[in-house]
Amino acid sequence: MSETETRDFIRQIIHDDLESGKHDSIVTRFPPEPNGYLHIGHVMSICLNFGVAAETGGKTYLRFDDTNPGREKSEYVDAIERDVRWLGFDWDERLTHASDYFERLYEAAVRLVEMGVAYVDSLSADEIREYRGTLTETGKNSPYRDRSVAENIDLLGRMRAGEFADGEHLLRAKIDMSSPNMNLRDPALYRIRHITHQHAGDAWCIYPMYDFAHTMSDAFEAITHSLCTLEFEDHRPLYNWFLDQLQPEHRPRQIEFSRLNLAYAITSKRKLNALVEEQIVSGWDDPRMPTIAGMRRRGYPAAALRQFVKLGGVTKKDKLIEMGVLENCVREVYGETAERRMAVLKPLKIVLSNYPEGQVEMMEAMNHPGNPDMGTREMPFSRELWIEQDDFMEEAPRKFFRLKPGGEVRLRFGYIIRCDEVIKNDAGDVVELRCSYDADTRSGTGSSDRKVKGTIHWVSCEHAVQTDVRLYDRLFTEANPNSAEDFHAVLNPGSLETVSAQLEPALDDLEPGVAVQFERLGYFCRDSVDGQAINRIVTLRDSWAKLEKQAMQQQN
RNA sequence: UGGGGCGUAGCCAAGUGGUAAGGCAUCGGGUUUUGAUCCCGUGUACCGCAGGUUCGAAUCCUGCCGCCCCAGCCA
């Protein structure tokens, strides 16, 4: 961290703890439940937990919080490891599972029972809910609350031994049924689940609850700072209760921060899963998904994601960050690193009537205008070319400086051309343009410095490579689909458009996952899953589109 | 109506008693064979509101308002 940067409140606490000697080194953990793919919200937690440790020479565990086998899968475990690694973080040998601690956790539970602060309840789930009370009414004690220690030990042992059916008994902490904090109204510690665990197999039929397992796992791993999101703030008294009761050797401190919400995106694993299950998207890695896998496939670089969460900061204020911020981070990375190419997304044919038939010239094109070291390539130029439909307007407004009837435009790295004739089909659509080129304006020669207002991109018809290009837009029409009654109602029907594009020859062997800029259009990369189609990662900033939009609004 | 948090410009966010950083967006302008990049410039933020303390408050006190979270044998 540079001297001018200020520390967020968590880094400040950690800095103070190091300075005061409370801790010699920092240990954090990123504890995902393997019940879905990681998304942009997790990116923040990952960067914070791994970042804060790395900055201070500390360590970070990647710990799977796998205490609910009913909805966890090893597919998710694999995806999570892949995603964290791709983001640029390394846990070395510190890959753990809460389930690795099931035996120790059970021992701790037995101790709570022996201490008289945990008991086996035999109420039904419905009864427990009734006994719990509500936000404004206190709960009441379970009739089983005062079972003897001996009886509790016996029952707990038999729960573990598999003598009871799911839901028959429940181990609970004995705290305070009248607490205004619902988490303290005798929270569940262990429930019976006769189900195979994706990591522990069939070793157990009772599984610990989050609060208990998470707190003690933190203690077992000597985590110094247990960083989590705001919704766990009122779990902290319970977290501390476990530590007070069990007095583990290491006492971690839980600190909460606000989660990062991305505008026009959903960050709820349940809803993300619904998008996948209902086949609204092609999978967790659909390029429109705000998952790490989706963004990676889309072509977002890890560095952009890291930069994005860094810009967001760490606070306790609810945040809904604009999509543009993320997109800018992507543009920033690729603006410098991506080679430039030309491709026509929505082709319109032009014929240069005064250009010799059969002639082909090789035009030299820079791979990066700001960095000559990135070299050049050659683009074949011929009589028939594709240009972008949007680059021609029959009745052009004043500020439109692309091609129009009788108007001139430069073909980038090529010649200046003039539009002489517009050819339409029976329906009145423009299907072809007859143009003439100024032979004295070849890029880099003669009077090539003659100025025309506009420059457009092009591809030689004869040499073009036709490929499907997928144009992505936001998945939702509402800035905060998280709070929509039903997210189906705010889905963007135009979130994916596939076009048949014409690419310059040099793009034929574009490797999957390698980002290039299609000049004047945006950043693109070949899809790494199907290896064929090309994904639009993000458009370039487009001030013409902005002008057009403003004009439209003024008309309406 | 119980408890826990949060409220600084459109979106993030510094600032922790001395008179409101920065980024993104916006809006101007310059350069440009990408209307991109780059470079300049651009914002009266009644610091949620109302009182109070103080020579002085976004920062301290009191009251109020708004938003978020909690009643899973989910995490």
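Everything quoted here is computed from the prediction, not taken from an experiment. Throughout, a chain's letter reflects where its sequence line sits, starting with A, and its residues are numbered from 1.
We find that CD1 of A/Ile255 is positioned 14 Å from P of B/C6, with the value rounded to whole Å. We find that CG of A/Leu184 is positioned 14 Å from P of B/G3, with the value rounded to whole Å. One can place CD1 of A/Ile10 at 14 Å from C1' of B/G5, the figure rounded to the nearest angstrom. Distance A/Asp542 CG to B/G35 C1': 7 Å, rounded to the nearest Å.
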>> For nucleotides 17-23 of chain B, give me one character per nucleotide, 5' to 3': B if any protein heavy atom sits under 4.0 Å from the base, S if the only such contacts are to the sugar-phosphate, - if neither.
In response: -------
> Could you run down nucleotides 66-75 of chain B 5' to 3' and tag each one B, S or - for protein heavy-atom contact under 4.0 Å?
Replying inline: --SSBBSBBB
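A/Phe308 comes within 4.0 angstrom of nothing in the nucleic acid, heavy atoms only. As judged by a 4.0 angstrom heavy-atom cut-off over every strand, A/Tyr207 is placed among residues making no nucleic acid contact. Nucleic acid contact class of A/Arg331 (heavy atoms, under 4.0 Å, all strands): none. Within the nucleic acid shown, A/Arg402 comes within 4.0 Å of at least one base atom, counting heavy atoms only. A/Pro369 comes within 4.0 angstrom of a base, heavy atoms only. A/Glu137 comes within 4.0 angstrom of no nucleic acid atom, judged by non-hydrogen atoms across all strands.
The residue among A/Gly370 and A/Asn328 whose nearest nucleotide of RNA chain B is located toward the 5' end is A/Asn328. Residues A/Phe9 and A/Phe400 each lie close to RNA chain B; by heavy-atom proximity, the contact nearer the 5' end of the strand is made by A/Phe9.
B/A58 and B/A9: their C1' atoms are spaced 14 Å apart (whole Å). B/U44 and B/U19 are spaced 15 Å apart, taking the C1' atom of each and rounding to whole Å. Look at the P atom in both B/C67 and B/G72: the space between them is 24 Å, to the nearest Å. For the C1' atoms, the distance linking B/G17 with B/G52 amounts to 15 Å, nearest Å.
Look at A/Lys319 and you won't find any side-chain N or O under 4.0 angstrom from OP1 or OP2 of B/C11. Residue A/Arg520 has no polar side-chain atom (N or O) positioned under 4.0 Å from OP1 or OP2 of B/A36. For the pair A/Lys451 and B/U33, the criterion of a side-chain N or O lying under 4.0 Å from OP1 or OP2 is met. Listed pair A/Thr315 / B/A13 meets the phosphate criterion, a side-chain N or O lying under 4.0 Å from OP1 or OP2. At B/G35, none of the side-chain N or O atoms of A/Lys546 fall inside 4.0 Å of OP1 or OP2 (strictly under the cut-off).
Proximity of a side-chain donor or acceptor of A/Ser226 to a complementary backbone N or O of A/Gln254 within less than 3.5 Å is not detected. A donor-acceptor pair under 3.5 Å is formed between the side chain of A/Thr134 and the backbone N or O of A/Glu137. Side chain of A/Arg158 to main chain of A/Gly162: no donor-acceptor pair is present (N/O by atom type, distance under 3.5 Å, no hydrogens or angles). The backbone N or O of A/His214 sits nowhere less than 3.5 Å from a side-chain atom of A/Asp65 that would complete a donor-acceptor pair. In this structure, A/Arg340 contributes its side chain and A/Ala338 its backbone to a donor-acceptor pair below 3.5 Å. Checked by atom type and distance alone, the side chain of A/Asn367 pairs as donor or acceptor with a backbone atom of A/Met374 at under 3.5 Å. The closest donor-acceptor contact from the side chain of A/Arg418 to the backbone of A/Asp438 lies at 3.5 Å or more, if one exists at all. Proximity of a side-chain donor or acceptor of A/Glu504 to a complementary backbone N or O of A/Met342 within less than 3.5 Å is detected. The backbone N or O of A/Leu345 sits less than 3.5 Å from a side-chain atom of A/Glu388, completing a donor-acceptor pair.
Between A/Arg29 and A/Leu227, the closest side-chain pair of non-hydrogen atoms falls below 4.5 Å. You'll find the side chain of A/Asp176 stays beyond 4.5 Å of the side chain of A/Arg185, heavy atoms only.
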Would you tabulate the nitrogen or oxygen pairs shorter than 3.5 Å linking the protein to nucleotides 57-59 of chain B?
none

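Donor-acceptor pairing under 3.5 Å, judged by distance alone, is absent between the side chain of A/Thr455 and the base of B/U34. Side-chain atoms of A/Glu322 come within donor-acceptor range of the base of B/G10, with a qualifying N/O pair under 3.5 Å.
Using N1 to N3 plus N6-O4 or O6-N4 for Watson-Crick, or N1-O2 and O6-N3 for G-U wobble, each under 3.5 Å, B/C55 pairs with B/G18. Judged by Watson-Crick or G-U wobble contacts below 3.5 Å, the nucleotide B/G66 has B/C6 as its partner. B/A45 is unpaired under the criterion used here, namely a Watson-Crick or G-U wobble arrangement in which both key atom distances are under 3.5 Å.
A syn orientation is assigned to B/G72, its glycosidic angle lying within 90° of 0.
Between A/Glu33 and A/Lys269 no salt bridge is recorded (no basic side-chain N to carboxylate O distance below 4.0 Å).
The number of heavy-atom neighbours closer than 6.0 Å to CD of A/Glu336, taken from other residues, nucleotides and ligands shown, is 12 or below.
Geometrically, A/Lys140 engages A/Tyr131 in a cation-pi contact defined by less than 6.0 Å to the ring centre and at most 45° from the axis.
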